[in-house]
Novice: 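Got a structure for you, written out below as structure tokens; questions coming shortly.
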Protein chains: 4
Amino acid sequence: MASKKRKPPPRTYPAHRERQRKRILDAAEKLFVERGIDRVTMAELTAASGLQPSTMYQYFSKKDDIVWAIVGNIMARVSARSSEADASAKSGLDKIIAFLEYMAEELSNQRAQVRFMAQFDAMYSHDWPVERRLSLEAESNNMGSEVFREMIREGMADGSLRSDLDPDLTMQAIVNAAIGTQRRLASLGNKVELEYGQSIDRLFRETIRVIVLGLRATGSPQNEPSKRVKGRKVTPARRTK
Amino acid sequence: MASKKRKPPPRTYPAHRERQRKRILDAAEKLFVERGIDRVTMAELTAASGLQPSTMYQYFSKKDDIVWAIVGNIMARVSARSSEADASAKSGLDKIIAFLEYMAEELSNQRAQVRFMAQFDAMYSHDWPVERRLSLEAESNNMGSEVFREMIREGMADGSLRSDLDPDLTMQAIVNAAIGTQRRLASLGNKVELEYGQSIDRLFRETIRVIVLGLRATGSPQNEPSKRVKGRKVTPARRTK
Amino acid sequence: MASKKRKPPPRTYPAHRERQRKRILDAAEKLFVERGIDRVTMAELTAASGLQPSTMYQYFSKKDDIVWAIVGNIMARVSARSSEADASAKSGLDKIIAFLEYMAEELSNQRAQVRFMAQFDAMYSHDWPVERRLSLEAESNNMGSEVFREMIREGMADGSLRSDLDPDLTMQAIVNAAIGTQRRLASLGNKVELEYGQSIDRLFRETIRVIVLGLRATGSPQNEPSKRVKGRKVTPARRTK
Amino acid sequence: MASKKRKPPPRTYPAHRERQRKRILDAAEKLFVERGIDRVTMAELTAASGLQPSTMYQYFSKKDDIVWAIVGNIMARVSARSSEADASAKSGLDKIIAFLEYMAEELSNQRAQVRFMAQFDAMYSHDWPVERRLSLEAESNNMGSEVFREMIREGMADGSLRSDLDPDLTMQAIVNAAIGTQRRLASLGNKVELEYGQSIDRLFRETIRVIVLGLRATGSPQNEPSKRVKGRKVTPARRTK
DNA sequence: AATGAATGAGCATTCATTCAT
DNA sequence: TATGAATGAATGCTCATTCAT
């Protein structure tokens with residue numbers, strides 16, 4: 001779209017440009033997450049990047065562009081990591097469990113990032129054109145619907161999932177539920193523990209445990225999602241008779 | 001210092017005042033939901049209420065106060081309605097189902113309201129003091145944790161729920177998951193259907209179906225959550241032969 | 001303080017009206033002096049008076065009117081007190097000394113009041129019509145120019161003042177100098193002592209001492225102004241003779 | 001984090017910036033003097049400077065900062081000029097006279113400036129930290145206490161001043177009296193002449209004449225302060241027999 | 001006489017963005 | 001490529017005052 005002709009090549013320095021861009025996005029992501037997307041001003045963004053406002057505008061012509069670029073980065077990161085996740089899984093159910101556990105880890109280790117996405121959805125999804133969102137997803141999302149739907153089909157085929165599921169519908173319902181749960185916990189942050197006395201991680205893992213139980217074929221073997229909290233196994237909080 | 005006048009007759013016009021207050025809050029809720037909390041200016045708020053800015057400030061001295069008042073109203077409404085919900089339910093599981101179905105209806109009928117709460121959590125929960133939030137909940141929430149925990153205990157006792165649950169933990173996990181799912185769907189709004197080709201209602205009901213299946217005792221009778229969409233029973237979308 | 005009236009009789013009550021008026025003026029004077037005339041809002045004034053804003057406007061229809069009323073009160077008080085001052089003095093010089101010492105006492109005992117007048121002059125004298133000021137002075141000032149000019153004439157006649165004075169000019173110069181000095185000291189307040197390490201009272205008394213020396217006939221007897229500080233005589237801080 | 005760029009060349013446009021700053025301060029000083037510091041709005045300030053409000057805030061981030069900058073400028077100007085004043089004076093008394101006459105000229109020629117300082121003291125000296133004031137004075141005041149105290153010592157040594165003075169105390173008393181008198185006259189402005197029928201200049205010169213007479217050693221020669229009004233010698237208003 | 005309610009005009013300040021160099 | 005300077009359009013909020021009861 002942007003024809004890159006201006007003057008033949010006015011000897012540009014793409015490496016430096018890329019470095020600056022990254023610098024801006026890193027600073028911005030940090031600030032957005034710390035204080036909320038709308039609460040951060042361009043002036044703060046430039047200060048944090050060590051640039052001048054006017055220089056900033058040479059890289060991003062609108063604040064929104066920065067936000068979208070960050071969203072893109074996060075999505076790319078997530079999808080890159082999540083596609084590694086299910087490598088070792090065998091059954092469809094195992095794959096789903098692997099995916100959900102990946103989300104649990106993300107919630108623990110990339111809380112700020114999750115929180116950012118929560119804000120993004122809450123604040124912008126209504127205003128900004130679907131296409132932009134979709135094109136972002138298309139760009140970065142090899143794990144997306146396709147892959148996940150496949151997991152469900154696979155699970156139904158190999159008998160690890162209950163047979164009365166509608167692959168499309170269930171896939172989307174579960175993904176949405178997991179994301180919604182994850183983001184809500186990230187949004188509330190410390191408030192969760194203050195309010196409920198449970199750690200974020202425990203709550204999320206209990207949620208996926210229930211979901212997995214709900215998906216599993218009745219006679220399916222006991223491969224529950226693990227109960228690791230922040231990396232270490234925990235003794236089961238409840239007596240499985 | 002200011003004379004301790006006992007307000008001989010508290011000769012205010014409380015009815016009128018209350019009417020104005022409501023006028024403001026209604027207009028504000030509408031705008032907040034339409035355009036996002038932070039995107040609405042005080043000027044728009046006053047214009048929409050048909051008042052002057054200065055008059056507005058006689059009722060709410062800060063924008064935040066309006067936001068919190070709306071949050072309070074919504075919570076009160078929700079808790080009032082939700083406490084009617086489980087009247088007829090018998091088993092613990094039935095009660096939980098009734099509660100989750102109430103949330104499904106809320107998502108359908110009060111989408112804007114749910115979306116508002118989603119924004120509120122995403123944007124403000126970090127910044128505002130827990131106490132304020134907690135006191136609001138205390139004020140309006142008779143359904144809160146207590147009631148819900150009780151449902152789980154009851155369900156475990158009457159055999160409708162699996163016995164390996166930790167009432168506290170599960171209760172909070174489920175409530176959070178349901179709220180997170182509900183709010184995410186409300187936030188995405190039409191985008192959901194554009195993006196996934198599934199209605200919001202169907203997705204949410206599928207989610208609670210899976211959750212309930214995950215909670216249910218293995219031999220528990222087939223009382224699934226209904227598959228009504230927007231009030232009418234739907235023919236099961238899936239009979240996987 | 002808090003009027004414990006219920007409903008005495010229904011007719012008009014000039015006594016009550018006068019009491020309310022005083023209440024307002026007292027509160028206002030306090031606030032004006034504490035924080036500066038322009039820095040006090042009508043809302044604060046009404047709060048401090050224990051009245052409603054609208055009630056306030058039944059007594060004073062403009063903020064300015066309150067200010068002028070206070071100025072009037074102060075002038076009346078000052079002139080009442082100052083006319084007692086010179087009762088016992090014999091020579092013209094003695095009378096002048098008595099007058100200046102009266103100002104020293106006023107500076108010590110009514111500092112806030114003096115400060116208020118300083119503000120008034122600095123801020124309002126340019127904007128408000130001379131006539132208003134003059135009429136105020138006429139109302140309350142029996143000591144004014146006339147009296148003071150007379151003192152100088154008397155002093156020249158009885159040999160206590162140097163003979164090369166122009167009564168009109170000198171009178172006004174001295175009065176103005178004394179007032180200017182007094183008000184500046186009151187304005188600076190504690191700052192004076194912090195900055196110069198001298199008490200306000202000492203500085204003012206030294207000033208009038210020099211002035212009186214400047215007025216005195218060369219051979220005039222040693223009736224200097226006293227060196228009392230806050231009421232008690234002090235041993236002369238400097239080598240006389 | 002913010003790159004420690006050494007500002008390769010401090011490539012600002014300092015000349016232009018300084019010009020703008022001056023433009024703002026000049027306009028502000030004029031307005032403050034004309035209408036009173038608190039009566040001038042930022043909007044008026046910007047309009048008078050020919051700038052946009054937003055541009056203004058790039059130079060001064062608070063109204064207070066403008067006020068203090070003006071105070072600083074005035075003090076610097078005064079101290080620069082006043083240090084030239086006493087160049088030719090021989091005796092200590094002569095130096096004092098030179099200083100007081102300098103103040104008389106300032107009152108005539110820089111009335112607005114004096115009036116501004118009067119307002120500043122009356123309105124702000126209570127609220128603003130002494131340190132700020134002191135640091136300003138330290139910055140600009142080579143004539144300050146030190147110099148003046150020296151004059152008095154010198155005058156006592158050379159016999160031009162009466163011997164019964166306390167250098168510290170007298171110095172401060174006289175300086176304060178002169179400033180107080182000067183500022184009061186400037187504050188009242190035209191009102192002085194309307195009210196008293198004497199020109200400001202005449203009143204101030206009469207004041208310093210009396211003060212000088214009060215300081216002078218009894219046998220000291222007749223070097224009174226001159227009776228020039230606005231630069232021209234005036235015939236003595238009174239016949240010194 | 002007292003006061004709850006309303007308000008117009010204004011206020012200091014902010015901010016995303018553009019422009020000239 | 002970088003940036004100092006400029007700015008139009010808001011923004012949240014205040015205040016003296018009036019009106020109807």
Side-chain angles (χ1 to χ4, degrees), chain A residues 10-13 16-17 20 38 40-46 51-64 66, chain B residues 5 7-14 16-17 20 38 40-46 50-64 66, chain C residues 3 5 7-14 16-17 20 38 40-46 50-66, chain D residues 5 7-14 16-17 20 38 40-46 50-64 66:
Chain A
R11 210 134 49 84
T12 176
Y13 293 99
H16 174 248
R17 239 190 126 67
Q20 293 284 63
D38 267 28
V40 178
T41 70
M42 278 303 257
E44 290 166 320
L45 249 25
T46 59
L51 298 176
Q52 256 15 67
S54 30
T55 306
M56 185 88 138
Y57 277 85
Q58 309 252 355
Y59 293 86
F60 297 93
S61 63
K62 309 208 280 303
K63 198 181 163 189
D64 280 0
I66 302 181
Chain B
K5 40 179 59 182
K7 294 188 170 188
R11 193 137 56 84
T12 170
Y13 309 110
H16 173 250
R17 236 188 131 67
Q20 294 283 65
D38 265 28
V40 179
T41 71
M42 278 304 255
E44 290 167 321
L45 249 25
T46 58
L51 299 176
Q52 283 331 99
S54 35
T55 306
M56 184 82 138
Y57 276 86
Q58 305 239 355
Y59 291 85
F60 297 94
S61 62
K62 304 206 283 306
K63 202 179 158 190
D64 278 2
I66 302 183
Chain C
S3 59
K5 68 187 152 109
K7 265 191 178 182
R11 256 163 304 115
T12 177
Y13 262 110
H16 173 248
R17 242 191 121 68
Q20 293 282 66
D38 266 28
V40 178
T41 71
M42 279 303 256
E44 291 167 320
L45 249 25
T46 59
L51 298 176
Q52 258 12 69
S54 30
T55 307
M56 185 88 136
Y57 277 86
Q58 309 252 354
Y59 292 86
F60 297 94
S61 64
K62 308 208 282 304
K63 198 181 164 189
D64 281 359
D65 289 348
I66 302 181
Chain D
K5 38 180 60 184
K7 295 189 169 186
R11 195 137 55 83
T12 170
Y13 309 111
H16 173 250
R17 236 188 132 68
Q20 294 283 65
D38 267 27
V40 178
T41 71
M42 278 304 253
E44 291 167 320
L45 248 24
T46 58
L51 300 175
Q52 282 332 98
S54 33
T55 306
M56 183 84 136
Y57 276 84
Q58 306 237 357
Y59 291 84
F60 297 94
S61 62
K62 306 206 281 306
K63 203 180 157 188
D64 279 2
I66 302 182

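Below, chain A is the first sequence line, B the second, and so on; all start at residue 1. What's counted below: heavy atoms across the whole structure, side chains too, no hydrogens, waters or symmetry copies.
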Novice: In this structure, how many angstroms lie between the C1' atom of F:dA6 and the CZ atom of D:Arg17, rounded?
Specialist: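 Distance, rounded to whole Å: 11 Å.
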
Novice: With respect to the phosphate group of E:dA2, does any side-chain polar atom (N or O) of C:Gln52 fall under 4.0 Å of OP1 or OP2?
Specialist: no

Novice: Taking all heavy atoms of B:Asp38 and all of B:Lys63, pick out the closest pair and write down the distance.
Specialist: O-NZ, 4.0 Å

Novice: Taking CG from B:Leu45 and P from F:dT11, how many angstroms apart are they, rounded to a whole number?
Specialist: 12 Å

Novice: List the steps and the verdict of side-chain contact (heavy atoms from CB on, under 4.5 Å) for C:Val40 and C:Leu45.
Specialist: CA-CA 7 Å; C:Val40 178; C:Leu45 249 25; 3.3 Å; yes

Novice: I need the D:Met56 CE to D:Ile66 CD1 distance, nearest 0.5 Å.
Specialist: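 If I round to the nearest 0.5 Å, the distance is 4.0 Å.
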
Novice: Report the distance from atom CD of D:Gln20 to atom C1' of F:dT7, rounded to the nearest whole Å.
Specialist: 13 Å

Novice: Rounded to whole angstroms, how far apart are CG on B:Leu51 and P on E:dT7?
Specialist: 7 Å

Novice: Closest-nucleotide mapping onto DNA chain E: is B:Gly50 or C:Met56 further toward the 5' terminus? I mean the 5' end.
Specialist: C:Met56

Novice: To the nearest 0.5 angstrom, please state how far the OH atom of B:Tyr59 sits from the CZ atom of B:Arg17.
Specialist: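 So the gap between those two atoms works out to 4.5 Å.
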
Novice: I'd like to compare against my own output: the B/S/- annotation of nucleotides 11-17 of chain E with a strict under-4.0 Å heavy-atom distance to protein.
Specialist: SSBBBSB

Novice: For the atom pair OH (C:Tyr57) and OG1 (C:Thr46), what is the distance rounded to the nearest 0.5 Å?
Specialist: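 The OG1 atom of C:Thr46 is 9.0 Å from OH of C:Tyr57, to the nearest 0.5 Å.
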
Novice: Between F:dA5 atom C1' and D:Tyr59 atom OH, what is the distance in whole Å?
Specialist: 6 Å

Novice: So that I can compare with my own list, what are the stems of DNA chain F, taken as at least three consecutive Watson-Crick or G-U pairs with distances under 3.5 Å?
Specialist: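 Stem segments, range with range: E:2-21 with F:2-21.
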
